[in-house]
Every structure is written in structure tokens, then in C-alpha cells.
Amino acid sequence: MSSQRAKVVLSLDAEAVDSLKEGANFKKNREDGICYIIYKDKITNVVKACKNQCKHQGGLFIKDMEDLDSRTVKCTKHNWKLNVSTMKYVNPPDSFLQDELEVEILNDGGLQLVELSPVDPWLADPREPVELQEGEVKVMYLTHACMELQLGQSRFMFDPWLKGPAFARGWWLLHEPPADSLDRLCAADLIYISHMHSDHLSYPTLKDLSERRPDVPIYVGDTSRPVFWYLEQSQVKLTNINVVPFGVWQNINKDLRFMILMDGVHPEMDTCIIVEYKGHMILNTVDCTRPNGGRLPQNVDLMLSDFAGGASGFPVTFSGGKYSDSWKAEFIRNERKKLLNYKAALVKSLQPKIYCPFAGYFVEAHPSDRYIKDTNAKNSAEDLNALINKVAPDIKTWTPKPGAVLDLGLALRDLTNSEAITNPPASAKIYKDSWDFNLYVDELNSAISSDIFKHQNWTQFYYNWAGFQNYNLVVRVIETDDNFEPLTVGYDYLVDFLDLSFPTKRPDREHSYVEIKNRIGVMRYLVLHGRLWDDLYIGFQNYISRDPDIYHFKFWNHFQTELPVHRPDWDQFLLQETSTQQPDTPLEQPDTSPEQPDTSPEQPDTSPEQPDTPTEQPDTSPEQPDTSPEQPDTSPEQPDTSPEQPDTPAERPDTPTEQPDTSPEQPDTSPEQPDTSPEQPQPWSYCVVL
């Protein structure tokens, strides 16, 4: 059986995309003559697409002249009608659902239509279900996205996150795993890890596993970004990792097999899985936005999916402009409601016999993230199950608690049988109340004192390693304390990604501008180890403001998914810095005034004719290190008045975050006070930003 592949069936350039009309558009691939329908909603910017082929008897669709909204097309054979905004047939009603193609919007404004082939690979080699005996198949919920499946004599574990934080220090387990969870993990016959996000691929958990069972079989999908890209650097010794192709049955024994499928929206990293035992299917869509391009098996015995929302820094970590607390609350409330309705509609359409929401049980538990926790409201599993019970009463729902067990055989015989689910004892601890914060935060903060940050050229070395440029965006990066207050001993710099330069002020040309305030320990840990910026963005470890208020997909996608898989060669960097034998000097504080040259007398005069003075230029002589006091930024706030734009980080706080000050500097003549708080660095004159 060949693997499932994603094939581009039609490409449009930016001009062709702009010319798409509101409603249904008919396009033909000139190479093979196959026709497609593209639906565009110019209000919501939603784009949908399908083949121009009726599912009844393969007829072609034409525009329905009776439809003034241009949403309905009519088949030329038997006058069947399809609403392309919903992909549902309206004549006859409740008949078919049209197969959608994936629409990929390109960075240059063009788009591609992508078709998965085959679209339903699980139909290969079908097996008739065999009646299950009591106790033969048991599903135990441990915590978050971690489930243990007992399938006959085999134990199958999903996404074990049992200890430590995820996304640097932003996510912590809400539920207390059962006391024997690690023992169960070490006894597993096979483990599935859906994707590289740290709430599914938990290196603290896998470290404990590797010390007891390094050869346990682990299975991952063949994503373009390898799931275990960080394994070597993590120093976790796992020796039996298996990368399997999409859409192919993996036979474990005569009764048990599984198939990994890709996500239609994030095929580079997200996957989902179908597990089949004696003909009975368990579908786990995990975090997929559009699993398998929206084509999934119906009438499975058990379906698992996420439900909570809130897995993004947007909008809780955004400030300026419209991002007031009230705006955030209203936006989050609407988004959670839409997610709840979408999940309920998906479950209703697939008609599983049993549905269980999971993979959403995390909490922003660290005391410094109280604002995030209070603002980032999430859906509850109980609310989703209540909605499903209302719209699809024949589907049994299960809201799991840590240690709860579903006996699938008993449940399938009688969905109303209360004995099919065994809940943990009343004395069992359900919610965590301690998380060993210091252990993990101290590890992150250990990067602060790394030798590389004694040399200001680390910024050029790092961003050249990152490899992102030729994009008209200027980013200001500011290192902060836990409260996102800039540190006098932290770096504060500009990166112009058009030419990958590091100016001291914003360029005069028209450009987009983003200001990112990062907690110093997390940012330096990511830089030192070459980790992805998901830890910052999804982990709520930065505050963001932007002008104009638009989402720069190309920038964020690169730093969240496309950084090199090997860390920067910092040994080479230090060797280069040492060979120059030049001491480092403080960086200038960047001037972030848009499109205005800085002419204030207080700013350094860098023309060659002017003499070098301590007030205007840093002292670069080896004999005279710079010990001048820090210069605070005291310019007025720059309000963000740009129109609202949707934010779609890869899916991805405090409103009072200040905008960068751009008024002339006022020297601070007060003596420097060292910051001695436990999570801040000791002051170093060589990395002070002036």
C-alpha cells in the first residue's frame, strides 16, 4: 500500500487571486483540463474549493442563475444543487457533502489547491468488527492528551506529558496524573507522539522514560519538520523511534494496527491517528485544525479531540491600539463559542458511538502569569459534551478524570451502561496544586549568564543562523523581567529583516514594525539552544505590539517551524570573538521613531568629523570599559490605531504594556542599582543597552 500524498492540483498567482469574485468562481487547470470551483467570501476572507464534479453521477456544475448570492451551483445532468459556501447539497437536501480541497495561501499572495490522495486510506483492507469481551479494550485517561489504550495484550500510549512545563514555562498540567503513570508509560508496548509541541512531546517525561526503557517503540508521522528534531540536543537517549508514512496501516499483530494521517492546515507538523483493534476504530484527531483535510471515517467506536482553545499568545499578550481588556474578553468569548460549535458540528457529522474531549487540560499556573490565566478563558469539556448531547443525543459523551477507565466492549453493548466507565476513587487527587516551578525556571534562567551574551555580536550571528530576510519588517526585541519591564542590563535592539541589518533607528522607508518584549531567561535559552519561538508565543512569554496591526505569517511561521534543526555553532562564534581581541561595548538604544531621522542633540553623532566623547559614543578602547549609567527610554506612548486584522499564529497580556519611548533621551544621573531578584541577571556593563 503506497503512502498518502498531498498533490497540488491548481495554482493561482496573486493577480489571479485578487481577481476572484465574491461567491463561486470556475477555474480550469490548463495542463490537465480538470475544472475546479473556488468560493470566496470577501467579508470574512474565507476561501473554499472543490472539484467541479457532482457526487451523484459526475456531472459538471454551472452557475445557478436563480441564486443571487452566487453561492449555489447547479449540475448539468440532473439539476442537483451544491452550496459551495458550506459544501452541502441543497437539492436534494441532506444527500451528500462535497469533498473539499485544501486551500494554501502563499506568502506572495497566490494560492494552491491541494488534494490528498487517497482521501480515505483507512478503507484499504477493511476488517469486519468482532465483538469485544468485557475488559478486552480499556481506555484510561491520565492527563491532558495522554491516554493509555489496553488492546488485548498490547498497551498503546498517546502523547505522554506527565511532568514539567510545556512551552518554556507557560503551560503546566491542570490534572494530577495517577501515581503509577510513569510505570504505565514504561510498560507500554508502543507510544504515539502526534507532533513536536511540548505538551505532546515532553522531554522531561521522556527523560524519565529513557532512563528505564530507552528502547520502547515510539511512532511519529513523516512530517517535514521532524517530530524529534531536538532529540540529540536534549540528550534524552531513546533508541527506537519510528517515522512512518501517512495513510498506511501499520500492523502490530493480527488484531491491532494503526494509521497516522496529516493535518490539512499544518501538514508540516501536526498529525492525527486511527487505531483499529479487531475491526473497531478509535479516532484521535489531537490538535489538528483540519485533520486529513476534513475527510475522516464515520461511525468510529470512540473519537477523541481537543476542545479548550487558548493555545496562542493572541490576543492575550498583545498591547496597544484596540487591545484593551474588554476587547480581549469579547474576542476570546466569541472565538471559544465558535470553536465549541465547530467541534459539536464535527462530532455530529462523524457520528462516533462515543466521544471524549481531551488535550486541553493545561493551566497558566506560574504566579507571574496570573493575568494570562485570568484573561485566557477556555472551553470546558462539560460544556462541549452538553452541546453534543443536545445536537446529537445518540452519541455517548465522556468527560474524563485522571485515572478514569472506559471499557469499550461494555459501552458498545449498551451505551447507557454506567458500569462501562470506572471513575477514580473519591479520595483521588484530580487537580494539581504544586508544579516545582523553581526547578524548571532556574534551568531556563541558567542561559542568562552564558558567555555568548557578553558579546553584542551574538545578535548578528543568531539571526544570520535563523536565515530569515527579504521581508519588509523591522522588529524591536527587548529583554525584560517576569513582569515584562525592560531590564537595564538586558539587550534592546532592532532587526531589519529586509536586508538583515541591525540599525540603531528605524529606517526612513515605509515598513511594518513589531515590538516584542521577551522574558530574558526564556529568550536567551531559545537563542542558546536554537529552539523554536513557539516557546515564546504559545507559551505567553512575550508581549507584542505592532504597527500596522497585521499578522506577519511569513515571519512567525519561519521562527515557529522553519528554523534550522541544528543549534547555532556558539563555539565557533566565541572563537571568532576571541580572535578579534576587541572588547565589547554597550549597544546604542534603538530609535524607534517611524520614518524620521534622529536629529536631537542628545543622540550620538556618528559622523566621522565629530570627536568621540563619552556622552555621544561608547568608549571602545580596551583600557577604558564603559561604566556610564543607563539611559532610560522616556518618550511618549505611540498608540496603535490600525484597523483590526485577524491573527492566525501556528493557532496560537497585559494591556498596559508600554509602547517604546522615542522622545529625546534625558540622562539619568542616579547611581545604578543592581537587580538582585532571583529570576533576573546580575548587571553586566558589557550588555547594557544605552
Q | Check: W80 and N91 side chains under 4.5 Å, non-hydrogen atoms | A | no

Q. With no hydrogens and no angle check, do the side chains of Q469 and N464 hold a donor and an acceptor under 3.5 Å apart?
A. no

Q.
So for atom NZ, which belongs to K348, do other residues, nucleotides or ligands contribute more than 12 heavy atoms lying within a distance under 6.0 Å?
A. no

Q) Would the number of heavy atoms belonging to other residues, nucleotides or ligands and lying under 6.0 Å from NZ of K28 be above 12? A) no

Q) Does atom NZ of K88 have more than 12 heavy-atom neighbours, drawn from other residues, nucleotides or ligands, at distances under 6.0 Å? A) no

Q. Looking only at atom types and distance, does a side-chain atom of D270 sit under 3.5 Å from a main-chain N or O of H266, one as donor and one as acceptor?
A. no

Q: Give a yes or no on whether the ring-centroid distance for Y89 and H56 is below 6.0 angstrom.
A: no

Q: Let me know which of V243, V565, L201 forms a side chain to side chain contact (heavy atoms under 4.5 Å, CB included) with F228.
A: L201

Q. Which class fits the ring pair Y323 and F318: parallel under 30°, tilted 30 to 60°, perpendicular over 60°?
A. tilted

**Q.** salt bridge (charged side-chain N to carboxylate O under 4.0 Å, His left out) assessment of K322 paired with D549
**A.** CA-CA 9 Å; K322 66 178 182 241; D549 183 22; 2.6 Å; yes

Q.
Taking the side chain as everything from C-beta on, heavy atoms only, tell me whether V475 gets closer than 4.5 Å to L494.
A. no

**Q.** Aromatic plane relationship, H200 with H195 - under 30° parallel, 30 to 60° tilted, over 60° perpendicular
**A.** tilted

Q: Kindly indicate whether the side chain of T223, heavy atoms from C-beta on, has any atom under 4.5 Å from the side chain of M262.
A: no

Q.
What verdict does the side chain to side chain contact (heavy atoms under 4.5 Å, CB included) test give for T285 and L304, after you've listed the backbone C-alpha separation in whole Å, the side-chain angles of each residue and the deciding distance to 0.1 Å?
A. CA-CA 6 Å; T285 63; L304 312 168; over 6 Å; no

**Q.** Heavy-atom pair of closest approach, residues F61 and Q98
**A.** CE1-NE2, 4.1 Å

Q: Tell me, please, which residues at least two apart from Y39 pass ring pair (Phe, Tyr, Trp, His ring centres under 6.0 Å).
A: none

Q) Between N557 and E562, do the side chains contain an N or O donor and an N or O acceptor separated by less than 3.5 Å? A) yes

Q: Could you give me the CA-CA distance, side-chain angles and deciding distance for H197 and D287, then say whether side-chain hydrogen bond (donor to acceptor under 3.5 Å, both in side chains) is met?
A: CA-CA 10 Å; H197 281 166; D287 288 353; 5.1 Å; no

**Q.** Closest contact, heavy atoms only, P121 versus L261
**A.** CG-CD2, 3.8 Å

**Q.** Matching residue for D64 among K74, R71, K81 - test: side-chain hydrogen bond (donor to acceptor under 3.5 Å, both in side chains)
**A.** K81

Q) Are side-chain heavy atoms of P507 and V474 found at a separation under 4.5 Å? A) yes

Q. When you measure from the side chain of N379 to the backbone N and O of F307, does any donor-acceptor pair fall under 3.5 Å?
A. yes

Q: Look up atom OH in Y36 and atom CG in N52, then write down how far apart they are to the nearest 0.5 Å.
A: 10.5 Å

Q) Is the Lys NZ or Arg CZ of R531 less than 6.0 Å from the centre of W533's six-membered ring, within 45° of the axis? A) no

Q. Should we count CG of L68 as having more than 12 external heavy atoms under 6.0 Å?
A. no

Q: Test salt bridge (charged side-chain N to carboxylate O under 4.0 Å, His left out) on E515 and R476 and set out the steps.
A: CA-CA 5 Å; E515 180 177 294; R476 182 182 182 184; 3.8 Å; yes

Q) What distance separates K42 NZ from L20 CG, expressed to the nearest 0.5 Å? A) 8.0 Å

Q. Just by distance, with hydrogens left out, do Y192 and T271 show a side-chain donor and acceptor under 3.5 Å apart?
A. yes

Q) Where does the angle between the aromatic ring planes of F573 and F461 fall among parallel (under 30°), tilted (30 to 60°) and perpendicular (over 60°)? A) tilted

Q: Quick one: do R290 and E102 satisfy salt bridge (charged side-chain N to carboxylate O under 4.0 Å, His left out)? Show the steps, please.
A: CA-CA 9 Å; R290 190 171 168 78; E102 287 303 307; 2.6 Å; yes

Q. If you draw a 6.0 Å radius around CD in E66, do more than 12 non-hydrogen atoms from other residues or ligands fall strictly inside?
A. no

(Q) Counting the benzene-type ring for Trp, do H558 and Y471 have ring centres under 6.0 Å apart? (A) no

Q: State the CD-CG distance between E479 and N518, to the nearest 0.5 angstrom.
A: 8.0 Å

Q | From CA spacing to verdict: salt bridge (charged side-chain N to carboxylate O under 4.0 Å, His left out), R295, E100 | A | CA-CA 8 Å; R295 184 69 175 265; E100 282 190 64; over 6 Å; no

Q) In Å, rounded to the nearest 0.5 Å, how long is the span from CD1 of I538 to OG of S198? A) 8.5 Å

Q.
Return the CG to SG distance between L283 and C272, rounded to the nearest 0.5 Å.
A. 6.5 Å

Q) Would you find a donor on one side and an acceptor on the other, under 3.5 Å apart, between the side chain of K63 and the backbone of S70? A) no

(Q) I'd like to check K55 versus Q53 (side-chain heavy atoms, cut-off strictly below 4.5 Å). Are they in contact? (A) no

Q. So which heavy atom on D13 is nearest to which on A16, and how close?
A. OD1-N, 2.8 Å

(Q) Do L532 and F559 have side chains that approach each other closer than 4.5 Å (heavy atoms only, starting at C-beta)? (A) no

(Q) With a 3.5 Å distance limit and no angle check, can you tell me whether R519 reaches the backbone of Q541 through a side-chain donor-acceptor pair? (A) no

**Q.** Residue pair F484 / N542: nearest heavy atoms and the distance that separates them
**A.** CE2-CA, 3.5 Å

**Q.** Exercise: identify the closest heavy-atom pair between S512 and I550
**A.** OG-CD1, 4.2 Å

Q | R336 side-chain N/O to A377 backbone N/O, donor-acceptor pair under 3.5 Å | A | yes

Q) When N472 is tested against each of H511, H552, R509 for side-chain hydrogen bond (donor to acceptor under 3.5 Å, both in side chains), which residue passes? A) R509

Q. So among Y537, F331, Y551, which one has a ring pair (Phe, Tyr, Trp, His ring centres under 6.0 Å) with F314?
A. F331

Q) Which heavy atom of T86 sits nearest a heavy atom of K48, and at what distance? A) CA-NZ, 4.1 Å

Q. Under 3.5 Å, side chain of Q112 to main-chain N/O of V103, donor-acceptor pair present?
A. no

Q.
Are F468 and F555, when compared by the centres of their aromatic rings, separated by less than 6.0 Å?
A. yes

Q.
Just so I know, are the side chains of V286 and D159 near enough to count as touching, which here means a heavy-atom distance under 4.5 Å?
A. yes

Q | Distance flag, aromatic centroids of Y491 and W458, threshold under 6.0 Å | A | yes

Q: To the nearest 0.5 Å, tell me how far M303 CE sits from I274 CD1.
A: 11.0 Å

Q: Check whether any side-chain heavy atom of Q4 lies under 4.5 Å from a side-chain heavy atom of N292, and answer yes or no.
A: yes

Q: Evaluate the side-chain hydrogen bond (donor to acceptor under 3.5 Å, both in side chains) criterion for residues N376 and E364: first the C-alpha distance (whole Å), next the side-chain angles of each, then the deciding distance (0.1 Å), finally the verdict.
A: CA-CA 9 Å; N376 193 30; E364 304 87 343; 2.9 Å; yes

